[in-house]
*Asks:* 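Sharing a structure, written as structure tokens. Questions coming.
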Amino acid sequence: MTILLQEIKQQKVAILIWSLSIGLLIAVCVLMYPEMKSEMDGVNELFASMGSFTAAFGMDRLNFGTLIGFYAVEGGNILAIGGAFFAAITAISALLKEEKERTAEFLLTHPVSRAKVVTGKLLSVYAIILILNAIVLVCSLLSVAIIGEEIDLGLVLLFHLAYLLMQFVIAGICFGISAFLSRSGIGIGIGIAAVMYFLNIVANISKDAEVLKYITPFGFCEGADLINDKALNVPYLCVGLCLMAAGIAAAYVKYCRKDINA
Amino acid sequence: MNVIETRELTKTYGKNRGIDKLGLTVKEGDFFGFIGPNGAGKSTTIRTLLGLISPTSGSAKVLGYDCVKESTKILKNTGYLPSEINFYTGMKVKDVIKYSADLRGVKCGEKAALLAERLGLGLEKKVNELSLGNRKKVGIVCAVQHSPKLLILDEPTSGLDPLMQREFFAILNEENKRGATIFFSSHILSEVQNYCRTAAFIRDGGIIMCDSVEKLEETGTKKVSVKTAEGTKEYLFKGDVNALLQNLAAQKVLDVTITEPSLEEIFMEYYDTKSNKAKAV
């Protein structure tokens, strides 16, 4: 609990900046919707003529003319990229920063077992991601309330749940990698998030590459699928959760035996 | 009871040596100096004892606990001051001290405040704005505030001005009188001579000598530099100082300096003695 609170205290500014950036960006998009609604028929036609580009972002199966369709594409992409990058950076820094900033010697010479340190750090990563997503959700719901348009609230919550789980998966993988690093790792974290994002785009474009959706956690965050199925894709989610568990397990195994050099 | 006991403790980094079959015993209540030049293996020994690194072979017990399997139990009753200390950017001194106490699950604010006052440490300052000396002071408070059974200090006086060094050793003496065992590494011989009861010399990852400081002083070596009309002569002298003075008085000396030899020179002296003994055998 001590480590968890310390981590949140240390990162409160970063959490606020990222949360408000993502939340306000989504809110601005939602606030623009009433003005854009009348032009959406034209936009839908335009997207329909753009072939695989539309498919890449799942826009071929979405109706931009409805708020939920608009929200799924605009809000979804902002939360996907922003949330994934934030989760990756937070998770990959969690264990690594103690060695990078040379505070590991301070922390690990207190009577707290390595396993407890890993647990504290892990809980802090997930708590921080939860805080970010809560703030983003509040911003989104407020903006929807301001424009006064009707929206399926259950679907909005399903979107946010899917993106939260996606961030959890990316965080789990990056957390595992964090235990193996001693110096810089933020680039690796961002790289992992970016690769996962693009793997989903590739899977959307080509049917042959659809198997990639099992690897990338963005696979179960597809707005069009969520609107049509009104549920998460369980097989994709299960593989994602397994990857997350593997990352976390690797972090425990490695960090509990790791030499902390000066 | 032995507070620290290592048997053939070895740590290698790939092909590089850290410590090699190190055998060390520190008795309860001792004020123990661990002397050696940079790279001799002092910090590696300390980091192994504290469970920060795992030994390649051999074993070590601290406070009766195995340093690999029971490091949490060791750390519960140990205070540690690293040679280079860093804290979390943006935190205030008082928050770091409290965080350290919270991690230990103890409330020792009163003693921490007293220590900070003695060391002239501003509690409201941000740790990242502190000099090395002031960071050391924060480290001292964190290491001592919970009244541990064992204090392990890695080159603790670097960065502290002479007045603070005196206050620091006064604190250590009080802790020692309370019953705490003090184990500190240094490459400054005078510190060890002035404060420690026992000292061990480490070189190339192994203990080359361990004895009471009293005995070490009895065989104390002096570096003598004598300037005569014939030139300047430098040599190490070991034995009765009066004999040395008589010898000097018998010469026409233009200038003389008698100083404490550097640690390196003392090591060389030990090595010479060792190799001469080996030849004699």
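Letters go in sequence order (proteins before strands), and every chain restarts at 1.
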*Asks:* Could you state the interatomic distance from NZ (A:Lys116) to OG1 (B:Thr72), rounded to the nearest 0.5 Å?
*Replies:*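 The OG1 atom of B:Thr72 is 8.0 Å from NZ of A:Lys116, to the nearest 0.5 Å.
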
*Asks:* Measuring heavy-atom distances to chain B, does A:Lys258 have an atom under 4.5 Å in its side chain, in its backbone, in both, or in neither?
*Replies:*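 For A:Lys258, the contact with chain B is made by the backbone alone.
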
*Asks:* Under 3.5 Å, is there a donor-acceptor pair between the side chain of B:Arg47 and the main chain of A:Ile260?
*Replies:*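 Confirmed, B:Arg47 side chain pairs with A:Ile260 backbone.
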
*Asks:* Mind running side-chain contact (heavy atoms from CB on, under 4.5 Å) on A:Lys9 and B:Met91 for me, showing each step along the way?
*Replies:* CA-CA 10 Å; A:Lys9 231 187 270 178; B:Met91 276 180 92; over 6 Å; no

*Asks:* Which region of B:Val68, side chain (C-beta onward) or backbone (N, CA, C, O), has a non-hydrogen atom less than 4.5 Å from a non-hydrogen atom of chain A, or is it both or neither?
*Replies:*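 The answer is neither part of B:Val68.
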
*Asks:* Considering only distance and modelled atom types, tabulate donor-acceptor pairs under 3.5 Å from the side chains of residues 18-28 of chain A, sequence neighbours left out.
*Replies:*
{"from": "A:Ser19", "atom 1": "OG", "to": "A:Ile15", "atom 2": "O", "distance (Å)": "2.5"}
{"from": "A:Ser21", "atom 1": "OG", "to": "A:Ile17", "atom 2": "O", "distance (Å)": "2.5"}

*Asks:* Is it the side chain or the backbone of B:Ser100 that comes within 4.5 Å of chain A heavy atoms, both, or neither?
*Replies:*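 Contact with chain A involves both backbone and side-chain atoms of B:Ser100.
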
*Asks:* Could you grab the distance from atom OG1 of A:Thr103 to atom CZ of B:Phe87, nearest 0.5 Å is fine?
*Replies:*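 It is 10.0 Å, given to the nearest 0.5 Å.
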
*Asks:* Above 12 or not: heavy atoms from other molecules or residues under 6.0 Å from NZ of B:Lys111?
*Replies:*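 Check passes, neighbour count above 12.
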
*Asks:* Check this for me: B:Lys149, atom NZ, are more than 12 non-hydrogen atoms of other residues, nucleotides or ligands nearer than 6.0 Å?
*Replies:*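 For B:Lys149, atom NZ is not crowded (no more than 12 foreign heavy atoms under 6.0 Å).
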
*Asks:* In terms of heavy-atom contacts, does CE of A:Met1 have more than 12 from other residues, nucleotides or ligands at under 6.0 Å?
*Replies:*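 Counting neighbours around CE of A:Met1, 12 or fewer heavy atoms of other residues, nucleotides or ligands fall under 6.0 Å, so no.
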
*Asks:* For B:Lys11, which atoms come within 4.5 Å of any heavy atom of chain A: side chain, backbone, both, or neither?
*Replies:*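 Only the side chain of B:Lys11 comes within 4.5 Å of chain A.
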
*Asks:* Does atom CD of B:Glu70 have more than 12 heavy-atom neighbours, drawn from other residues, nucleotides or ligands, at distances under 6.0 Å?
*Replies:*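 Yes, CD of B:Glu70 has more than 12 neighbouring heavy atoms, counting only those of other groups under 6.0 Å.
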
*Asks:* Looking at every heavy atom in both A:Asp259 and B:Ile53, which two are closest together, and how far apart are they?
*Replies:*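 In terms of heavy atoms, the two residues are closest at OD1-CA, 3.3 Å.
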
*Asks:* How close do A:Val112 and B:Leu103 get, heavy atom to heavy atom, and via which atoms?
*Replies:*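 It is CG2-O, 3.7 Å.
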
*Asks:* Grab the two heavy atoms, one from B:Arg104 and one from A:Pro111, that are nearest each other, plus how far apart they are.
*Replies:*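 Reported closest heavy-atom pair: NH1-CD, 3.3 Å.
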
*Asks:* Non-hydrogen atoms of chain B under 4.5 Å away: do they reach the side chain of A:Ile3, the backbone, both or neither?
*Replies:*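 Answer is both: backbone and side chain atoms of A:Ile3 are under 4.5 Å from chain B.
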
*Asks:* Measuring from atom CD of A:Glu105 to atom CG of B:Leu81, what distance do you get when rounded to the nearest 0.5 angstrom?
*Replies:*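 Spacing of CD (A:Glu105) from CG (B:Leu81) equals 9.5 Å.
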
*Asks:* Atom CG of B:Asp95 and atom CD of A:Gln10: how far apart are they, to the nearest 0.5 Å?
*Replies:*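 If we round to the nearest 0.5 Å, B:Asp95:CG and A:Gln10:CD are 9.5 Å apart.
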
*Asks:* Heavy-atom cut-off 4.5 Å, strictly under: side chain, backbone, both or neither for B:Tyr88 against chain A?
*Replies:*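 Both parts, backbone and side chain.
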
*Asks:* Work out which heavy atom in B:Leu75 is nearest to a heavy atom in A:Leu108; give both atom names and the distance.
*Replies:*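 Residues B:Leu75 and A:Leu108, closest heavy atoms: CD1-O, 3.4 Å.
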
*Asks:* Just wondering, do A:Leu107 and B:Tyr99 contact through their side chains at under 4.5 Å, heavy atoms?
*Replies:*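 Counting from C-beta outward, B:Tyr99 and A:Leu107 do come under 4.5 Å.
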
*Asks:* At what distance, to the nearest 0.5 angstrom, does OG1 of B:Thr78 lie from NE2 of A:His110?
*Replies:*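 Those atoms lie 11.5 Å apart.
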
*Asks:* Would you compute the distance between atom CG of B:Asn86 and atom CD of A:Glu98 and round it to the nearest 0.5 angstrom?
*Replies:*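 Answer for the CG-CD pair, B:Asn86 versus A:Glu98, is 11.0 Å.
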
